[in-house]
Amino acid sequence: MSTSLLRSTPSQLTNSGRMNLISSNTHLGILSVSFYHRPSQSCNIKLCFSTSGLCSRLGTRCCVVSATSSKLYENKGINSSIDSQRYTDLKDDMGSSLSILEEQLRDLFNEVHAMIRIGKENEARDLLLANFEAVKEQIDAGLKGIEEAAILDVIALGYMALGDIRTVKPLLDVLSEVVDDLKDEEPLLDSILTHMGNMYEKLENFEMSICVYGRAVKVVERLYGNTSSFVVTPLLGMAKVLGSTGKTKKAIETYQRVVKILESSRGEESEELVVPLFGMGNLLLKERRVTDAENAFNRILTTYMKLYGENDGRVGLSMSYLARVKCAKGDVNEAIDLYKEALRRLKVSDYIAIDDHIMEKMRVDLAELLHAVGRGEEGRMLLEECLLITEKFRGEGHPSSVSHLVNLATSYSQSKLFAEAERLLRMSLHIMYKNVSPDDQSITFPMLHLAVTLYNLNRNEEAEKHALEVLRIRERAFGEDSLPVGEALDCLVSIQTQLGKDDGELLELLKRVLKIQEKAFGTDSEEVMETLKKVVYYLEKMGRKHEGLPLERRLSKLRTKFKQMVQY
C-alpha cells in the first residue's frame, strides 16, 4: 500500500498572398493562424454589430481571423497546435489590403472578445446569435459559399471563446455541410478547415479533427507545394491530435516533417522550431526514445539561451523539461540540479508568478525526486513552500491546499512520522467536508491515505472503517469493477489481514482486485503479478494448493519476464 506524491491536479496579409504563419512571443511561443487574401468577389453577407444595431451589406468576400494558442507551457507540456481560442488585432500596416468583409469580421471578433474580457458574456452571445441568424437566412435561401463558411467559422470560434461547447457542435454541423460542397480552390478554405480541426479536437471528435486537418494540408500543398511553411499550421494540429489518440509513430513523423520545413525556411535556430520540437520530444519520451527526446529538448534550451540569455524565464522552463528526460534516463541527480536551476532562473526573471501552477508542478516534481534519493527533509521543505504559497494567495482552508496537505502527509509517512501525517490528513478531510458532499468521490483520496496511515499506526479498526467508506463511495461513483475500487479493495485486504479476518473472504476480495487489474493493466502486468502472489499465498494457506498450480505457473512466467526487464 505504497503512496506517492500527488501532482497538482495545452500573418500578415498582402494582395499577393500570405506572410509568416508563426510567431513566438509568449512563454515558449505563440502559434498564430490567419486567413490569407485572394482576389475578392461580391457577396450579400450581413454582419450585426452591437454598436449600431444594424446589419451592414458587404461587397467583398475574404476575412481575417487570428486564433492563437494560450501559454504554450501547460500542466503536461507545450501545446503543439492552436489551443484555447483568442483573437488578436491585426498589424497596423495591413489596413490597405483588407476587404470590407475582412474588416467587419475582425471587428466582430474584437468586439466579442472585448465583451468576454469585461464580463459581458450575455451580450457577446446575443451578438453571435444575431449574426448566426443573419447568415442562416442566406444558407436557407440556397447560398452556401465561402462567405457563409467564413462567417460561420468566426461565430463558432466566438462560442469557443465563451466556452459554450454545446453550441459549437451544431454550428460545426452546419459549417461542415457548407464546407463539404466547396472546391479546394476556394480562398480561405484551408484556414477555415484548420480552425474546424481545432474545434473538433476540443469536442473530442478526433476522427473529424484529423479529417479536416488532412484536407487543409492537401489544399495548402496544392497551392504552395509540400515544403511550404504555410502547411505547418494544419500539420501541427494534426500531429497533436494523432499524438493524443495513441497514433504516436505517425504523430512523430508529422512533427519531424514540420521541423524539416521550418529548418529549411526559417533556419535551424529559429524560435519557431520550439513548438514542433516540444511536441515531438514529449512523444519520443513516451515511446522511451530517451536520447532522441533529449536532443529535441536540448535544441529548445540552446535556442532560448542564444535568443534571450541564460537567466531568461524561457530558459528555466526548458531546463525543467530537460530534467524530465534526465529522470527518464536514470540520471536523477542531474535532473534534481536542472529542476533547482530552473526554479532559480524563473524566480530571478520573475517570468512566471510564484503561485502559477507551472511553478507549483515543478516544486512537486522536484520534491518527489528528492524523496526518491533519500533527501526527504529537503523535499519536504518544497512541499511546505507549496502549501504556504497556496494559503497566502488563496487563503487557508482553500480546496486547492488539500493536495499539498496530502503530499506533506505522504512525506511524513515515508519518514515514519505517522502521527504528523495523520494530523495533516485530518486537516485535508476537514477542508473537503466543508466544500463537497460527504459522498463526493474526491473525498476518498485523502480518506484512503488516512486509512493507510492509521494502518501503519496499528489502529486497524479505525483504518478499516475509513477503507470501507472509501470502497462504498467509489463503487457508487465509478462502478464495482473500476480501478479506483480495486485500489480501495487492495488497501482493505491489508487492513483486514491485520485484523485476522476470514481467509476465504480475503481471497474473494483479492480475486476482485485481480480481475480489475487484468482489465485495466493487462494480464501480464506487474500489478497483476503482485496480486497473483497474494492469491497463491492464500490458496496454499487454505490447503487449496491444487487450485493455485495454474496460477503458480503463470506467476513464474511473469517473474521471469520482469527479472529480464530489470536486467536489461
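Fair warning: this is a prediction, and the values are worked out from it, not measured in the lab.
- Here the side chain of Thr560 pairs a donor or acceptor atom with the backbone of Ser556 at under 3.5 angstrom.
- Looking at Arg380, Lys392, Lys347 one by one, the single match for salt bridge (Lys or Arg N to Asp or Glu O under 4.0 Å) with Glu385 turns out to be Lys347.
- Arg554 places no side-chain N or O within 3.5 Å of a backbone atom of Asp524 that could act as its donor or acceptor partner.
- Summarising the local packing, NZ of Lys169 is surrounded by 12 or fewer heavy atoms from other residues, nucleotides or ligands at distances under 6.0 Å.
- Here the shortest heavy-atom pairing between Glu360 and Thr390 reads OE1-OG1, 3.8 Å.
- Atom CD of Glu475 sits about 9.5 Å away from atom CG of Asp481, to the nearest 0.5 Å.
- With salt bridges taken as basic N to acidic carboxylate O contacts below 4.0 Å, none links Glu552 and Lys545.
- Side-chain atoms of Thr531 never come within 3.5 Å of backbone atoms of Val528 as a donor-acceptor pair (strictly under, hydrogens ignored).
- Surrounding CD of Gln498 are more than 12 heavy atoms belonging to other residues, nucleotides or ligands, all under 6.0 Å away.
- No donor-acceptor pair under 3.5 Å is formed between the side chain of Ser176 and the backbone N or O of Asp173.
- Arg257 has no carboxylate O lying under 4.0 Å from a charged side-chain N of Glu253, or vice versa, which leaves the two without a salt bridge.
- Between Gln256 atom CD and Ile252 atom CD1 the span is 7.0 Å, to the nearest 0.5 Å.
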(message) Go through it in stages, so that I can follow the logic: the residues are Tyr321 and Phe278, the test is ring-ring contact (aromatic ring centres under 6.0 Å, His included), and I'd like the CA-CA distance, side-chain angles, deciding distance and then a yes or no.
(response) CA-CA 9 Å; Tyr321 276 92; Phe278 188 88; 4.5 Å; yes

